[in-house]
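Contents: one structure, followed by commentary.
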Amino acid sequence: MHRNCGASTFTVLVLIPAVLYLYGSLRSIHQLQRTLRLLTIGRGDIKENTFATNKQRDSHVLKKEQSALGGVALPTNEESTSSTGIHITTPRQWQASDSFDENNNTTAVPVSGNPPTLFWHVGPHKTSTTAIQRFLAANKYLLREKDNIESPWMMPGHFHGAEIVVNVARCLSGRKGPKDMSCQQMLQSFQHFVAGARADSKNIVLSAEGFSFFNELQIQQFVQDYFAGWEIRVIVFFRRFDDWLASLHFQKNRHTPFRERSNIVDFLEAPSIFSTVEFHYSHKVRERYQSVTDHNVTIVNFHTADEGRSLIEQFVCDGLQGMAPHTCRAAQRFVSIKINKSHSLDSGFLLAEALEQNMLPLLDFANRTLSSDEETSLLARIDRKLETSTDLPVRCLSETAQGHVWNRTKEWFPFDLERSKSLSKAENVSRSRTCCLDVSRVCALDDWKAFFRGLPVSREID
Ligand SMILES: *[C@@H]1O[C@H](CO)[C@@H](O)[C@H](O)[C@H]1NC(C)=O
Ligand SMILES: *[C@@H]1O[C@H](CO)[C@@H](O)[C@H](O)[C@H]1NC(C)=O
Ligand SMILES: *[C@@H]1O[C@H](CO)[C@@H](O)[C@H](O)[C@H]1NC(C)=O
Ligand SMILES: *[C@@H]1O[C@H](CO)[C@@H](O)[C@H](O)[C@H]1NC(C)=O
Ligand SMILES: *[C@@H]1O[C@H](CO)[C@@H](O)[C@H](O)[C@H]1NC(C)=O
Ligand SMILES: *[C@@H]1O[C@H](CO)[C@@H](O)[C@H](O)[C@H]1NC(C)=O
Ligand SMILES: *[C@@H]1O[C@H](CO)[C@@H](O)[C@H](O)[C@H]1NC(C)=O
């Protein structure tokens with residue numbers, strides 16, 4: 001029987017700890033490229049900014065960060081002048097609204113004159129939204145005190161801290177949230193926050209990838225209910241569709257137990273998958289936000305992060321349209337460090353297959369489970385083996401589906417697809433992303449059989 005990499009063939013043997021990180025998919029893609037004898041794609045194809053601990057940070061940056069965190073943000077020489085030499089002192093101001101009715105907090109009332117601005121970052125997922133939210137949270141005092149931009153940091157709800165706005169998006173998009181979502185209370189609190197910001201003449205920034213799930217009606221309703229009379233500026237990040245799909249797939253699987261995982265081929269061959277995921281892809285999101293009103297939409301190219309300006313910098317400096325000059329400078333100084341203590345999904349699929357086929361000498365696994373330490377060590381060994389393997393058998397998406405992915409990638413990416421690469425090469429790379437290792441055929445290879453037999457699987461041996 002031909003056993004493909006379908007998740008249905010896995011037995012429950014191991015539980016994946018929640019240490020898999022997005023970075024793992026980079027290795028996975030590199031592996032596939034080698035396998036398919038393709039030229040290397042740029043290093044920026046999978047990019048996730050993450051945050052190092054203070055200890056790991058450059059001390060210069062650390063000092064600046066701490067002053068910002070403490071709300072002191074002492075001006076430095078560079079802070080009196082923008083990078084272009086233009087003196088930027090006053091963030092946008094407007095008259096405190098006299099038409100705002102404090103006794104009526106159900107609907108924001110339009111103000112005459114210069115209205116406050118809502119910067120509305122609507123994702124989508126897998127475009128460094130979390131990194132941006134963390135940066136905004138870490139710099140909330142700077143943002144508020146120096147740049148006059150508020151974001152809610154205290155609201156009841158399931159999500160806290162940097163991700164607090166996710167509550168709002170979840171509650172209003174009608175997507176199922178965690179059971180302890182107390183939407184009514186949270187939305188009331190959100191309404192007070194907006195009213196307070198307005199009374200204090202503050203602009204607002206909201207960042208949540210969940211806004212990418214809003215349909216036209218929900219976008220309209222949200223503006224009507226909370227931001228009537230505000231100037232709305234929407235920010236949408238664009239990641240190549242093929243690259244985004246691979247990242248989305250990884251995200252959906254990394255915390256999932258083995259049995260429920262699906263490889264990227266099965267993932268993309270599921271019925272109506274494209275219409276489901278395309279709805280919250282940048283292109284469609286942008287279309288919806290643009291169509292509903294005359295919202296001013298700024299688009300950011302996810303793939304330019306390697307060209308010297310981080311996505312955080314692009315968000316704060318370009319996305320906030322020059323209205324956050326102090327925070328922009330903090331973003332320019334900020335160094336984000338990648339953490340990659342993870343494993344590719346490939347190693348997970350291979351380990352599941354090898355365990356199912358009893359290819360590992362299971363010494364002390366009467367109940368057929370692995371401790372997370374053992375599992376981590378096994379996955380690392382498999383990853384190392386994968387890195388030195390070439391020509392492994394793969395299974396790819398059907399030609400039609402591949403054509404669909406590639407056509408959408410070309411049609412929907414509003415920037416230069418791959419500045420440094422020819423189109424044909426880009427297409428090959430696109431196709432390599434929609435393949436997965438054929439794990440049953442890999443496990444049938446002699447060197448892999450020997451490899452699995454030789455794996456130490458108990459802590460005594462380790
Ligand atoms: C609150 O404001 C909305 C919109 O301006 C208005 O329709 C509504 O009647 C007001 N409610 C009260 C209780 O004043
Ligand atoms: C406005 O908010 C206050 C505080 O939660 C609440 O008591 C009041 O009922 C709200 N007013 C309206 C009109 O919703
Ligand atoms: C959005 O508004 C700002 C300020 O009015 C303007 O500079 C910018 O060009 C606008 N962007 C779009 C996409 O309309
Ligand atoms: C992170 O990944 C890079 C590239 O794959 C590798 O060289 C480096 O050793 C990894 N770091 C850690 C801590 O695993
Ligand atoms: C099953 O494995 C787990 C994890 O190694 C262990 O904690 C547990 O005691 C084992 N149960 C039995 C019955 O051996
Ligand atoms: C992709 O685009 C090409 C050229 O426009 C077209 O011939 C082909 O049918 C398209 N394939 C799919 C699956 O949409
Ligand atoms: C892309 O794939 C085609 C057919 O598979 C091959 O002929 C071509 O050389 C590849 N191009 C690159 C740049 O790898």
Side-chain angles (χ1 to χ4, degrees), residues 2 4-8 25 28-42 44-46 123-127 212-213 215-216 236-253 261-291 297 299-304 345-346 349 392-438:
H2 171 74
N4 59 31
C5 9
S8 54
S25 64
S28 164
I29 284 164
H30 279 171
Q31 172 58 34
L32 278 171
Q33 283 179 289
R34 268 195 302 275
T35 305
L36 298 176
R37 293 175 173 286
L38 294 171
L39 300 167
T40 42
I41 45 177
D45 42 25
I46 297 282
H125 279 97
K126 310 320 299 164
T127 56
S212 64
F213 290 93
N215 60 32
E216 283 92 343
V236 183
F237 276 61
F238 270 79
R239 185 171 182 166
R240 286 175 56 137
F241 186 60
D242 51 3
D243 189 41
W244 183 75
L245 285 176
S247 180
L248 199 65
H249 166 256
F250 186 82
Q251 165 74 18
K252 283 184 184 300
N253 281 274
R261 287 185 174 194
S262 78
N263 63 68
I264 192 158
V265 175
D266 292 337
F267 171 66
L268 292 178
E269 279 179 351
S272 72
I273 183 71
F274 286 116
S275 58
T276 305
V277 300
E278 284 169 9
F279 181 80
H280 62 109
Y281 178 64
S282 313
H283 173 78
K284 298 271 190 179
V285 173
R286 177 197 191 183
E287 273 185 349
R288 284 199 301 280
Y289 275 84
Q290 248 162 3
S291 78
V297 178
I299 54 175
V300 178
N301 183 353
F302 177 86
H303 301 277
T304 53
L345 290 179
D346 284 343
F349 286 123
L392 293 177
V394 294
R395 201 181 134 226
C396 295
L397 205 57
S398 71
E399 274 298 318
T400 319
Q402 283 190 31
H404 178 85
V405 171
W406 176 239
N407 284 3
R408 293 297 165 267
T409 301
K410 278 187 299 186
E411 281 163 27
W412 285 352
F413 193 65
F415 304 98
D416 197 2
L417 247 196
E418 290 217 38
R419 244 169 257 191
S420 57
K421 294 182 180 73
S422 74
L423 209 59
S424 74
K425 194 166 145 195
E427 177 163 7
N428 283 0
V429 168
S430 178
R431 285 168 187 274
S432 77
R433 284 176 189 157
T434 51
C435 297
C436 70
L437 277 184
D438 191 333

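Numbers for residues simply follow the sequence, beginning at 1. Just follow the structure's listing: the first ligand is 1, and inside any ligand the first atom is 1.
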Quick one: are the ring centres of Phe413 and His303 less than 6.0 Å apart?
yes
Hey, looking at atom 12 (C) of ligand 6, which of Thr400, Val405, Asn407 has the closest heavy atom?
Asn407
For the residue pair Ile264 and His249, what are the closest heavy atoms and their distance?
N-NE2, 3.2 Å
Using a 4.0 Å cut-off to any heavy atom of His404, which atoms of ligand 6 qualify?
13 (C)
Protein heavy atom under 4.0 Å of atom 4 (C) of ligand 6:
no
Residue pair Phe302, Arg240: steps toward the side chain to side chain contact (heavy atoms under 4.5 Å, CB included) verdict
CA-CA 8 Å; Phe302 177 86; Arg240 286 175 56 137; over 6 Å; no
Under 2.5 Å between SG of Cys396 and Cys435
yes
Does the protein put any heavy atom within less than 4.0 Å of atom 7 (O) of ligand 6?
no
